[in-house]
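Here the structure is laid out as structure tokens; the discussion comes afterwards.
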Amino acid sequence: MKNIIQPLKGTRDFYPQQMAVRNWLYGKIRKISEAFGYQEYDGPFLESINLYAAKSGEELVKEQSYVFPDHSGDLITLRPELTPTLARMVAQKQAQLTFPLRWWSFGPFWRYERPQKGRSREFFQWNIDIIGIDSPQADAELITIIASFFKEIGLLSQHARVMVNSRKLIDAELAALEISPEKRIGLFKIIDRRSKLSPAEWEAYLLDFGLSASQYKSLISILNNTSLWEKSPELVTVFSTLKAFGVEDYVQFDPNIVRGLDYYTGIVFEGQEIQGEFRRAILGGGRYDNLLADVGGQPLPATGFAMGDMVISLILEKYGCLPVNIGENPAPVFITIFDENSRSTSYSLAMQLRQNGINVTCNLETEKLSKQLKYADRLGARIALIVGPDEQNNHTVTIKELKAGIQQTINQSELLSTIRSILEKPLT
RNA sequence: GUGGAUGUAGCUCAAUGGCAGAGCACUUGACUGUGGAUCAAGGUGUUGCGGGUUCGACCCCCGUCAUCCACCCCA
């Protein structure tokens, strides 16, 4: 045991049970994405470091990306996020694509940071974007997707919601307080941290940052004004669209949401657990209208969001939304090997069933029957088949229903139909 | 990068300076053609690693590694 090489910090082993959860989540993501007409895509996991330079958050690239030289000395980056890749892919084929385009993806990402609850160094992320349309209805569509996703996986609006804001709106409000443009960028980050600090700490932070007492007071009233959105025509459109889609229960205006990444330009939003100990955002996104031009394409408006697999899994676990009985043996039928005489009969029965679409686990050794049945039971098989000397002589097979605790012996020619009818019965 | 907690059997944990234990799990048998239940018998171990203090260390001290939690940042 002590000689086993440790897995890398911040990575996860997906044992069958965890793999099943991951695939379940992937399936839900696919279902919702496709329900809104989005196409799946993916990019390389390795990218040139240049792709990320100055486009994402400074720290995300400089401190938190895995960067290493390849054999030619080029600096390679394990992708820390997908949006720059998406921007490049779109820019490369801009003339051939049909806009607005709706694309989604689910895959692995890497960020070098200290692992903690809901955060690891290797994680999976759902990315979904709509590119080539600047109307707020596009942002509203994405928020509707989030609400639909929450509903689909069993989260109610009292569990999780989407907080929505507009960077443009807040920027204009800050400008009205005569705060300089450079300072406003710094202020976004401080606003983003408000919920993590006590009011007194936060006030000290802001005064230290250089706000006057009156500017601080005005800022507080801006950030506490729950009807501030009425001043933003975009937000007005977003909320009326969300109402039309019937998902307004899941959405809330929150002027404190500004998001950390530098490329967001307008509407921003964040999925949050409502009653909770999870202060971490479930997902985050917003409009990034300049990114396409920044990577060398024609200017194209875009909006989208990303959701990591870890926080959502924690929340699903908390609310008991994770499916039960997944990750079990995919084969409902287990066939025992009684002795050497009947071995080939057992094998050929197994193959017959498989060729007819029934999954079968085959015992490979002639162990004691009790041992084989115990093994079948542990694998979670529903049916065990026995071909002993009696069955061998009479061309029959014994079908034991493990969960029901009953068994019958039938002619081998009736095996397929009998198994099928047993599997059709619901488990009690 | 900063701060805090933890590390004992396969798992969950006890043992506060005096012979390392319990439950679960596991193996075998009761049951030579029948799993789950019950009963009986059985291995569970470099107490993360290295050093120190002590007659004696799982326990105290120093170092180190790992894990978890929080901060930073963010999905």
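Note on naming: letters A, B, ... go to the chains in the order of the sequence lines (proteins, then strands), and numbering restarts at 1 for each one.
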Considering every strand and a 4.0 Å limit on heavy-atom distances, what is the contact class for [X]: base, sugar-phosphate, or nothing?
{"X": "A:Ala376", "result": "nothing"}
{"X": "A:Leu283", "result": "sugar-phosphate"}
{"X": "A:Gln372", "result": "nothing"}
{"X": "A:Asn127", "result": "nothing"}
{"X": "A:Arg121", "result": "nothing"}
{"X": "A:Glu391", "result": "base"}
{"X": "A:Ser120", "result": "base"}
{"X": "A:Ile282", "result": "sugar-phosphate"}

Distance test, side-chain N/O of [X] to OP1/OP2 of [N], below 4.0 Å:
{"X": "A:Lys371", "N": "B:rU27", "answer": "no"}
{"X": "A:Lys368", "N": "B:rG29", "answer": "yes"}
{"X": "A:Arg193", "N": "B:rC73", "answer": "yes"}

request  = Give me the ring orientation class for A:Phe150 and A:Tyr250: parallel if the planes are under 30° apart, tilted from 30 to 60°, perpendicular past 60°.
outcome  =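 It falls in the tilted class, 30° to 60°.
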ask   = Should the pair A:Phe253 and A:Phe239 be assigned to parallel (<30°), tilted (30 to 60°) or perpendicular (>60°) ring geometry?
value =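 Ring orientation, 0 to 90° scale: perpendicular.
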query = So which nucleotide from B:rU34, B:rG1, B:rU27 ends up closest to the side chain of A:Arg114?
reply =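 Minimum distance to the A:Arg114 side chain belongs to B:rG1.
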inquiry  = Say we look at B:rU47 and B:rC11: how far apart would their P atoms be, to the nearest angstrom?
reply    =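 Straight-line distance between the two P atoms is 15 Å.
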task = Take atom C1' in B:rC31 and the same atom in B:rG45, then report the distance between them in whole Å.
result =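 Per the computed distance, 34 Å lies between those C1' atoms.
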ask   = Considering residues, nucleotides and ligands other than A:Lys403, do more than 12 of their heavy atoms fall under 6.0 Å from its NZ?
value =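 Buried by this count: over 12 neighbours within 6.0 Å.
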message = Working note: A:Glu391 + A:Thr398, criterion side chain to side chain donor-acceptor pair (under 3.5 Å); need CA distance, chi angles, decisive distance, verdict.
response = CA-CA 7 Å; A:Glu391 291 87 349; A:Thr398 295; 2.5 Å; yes
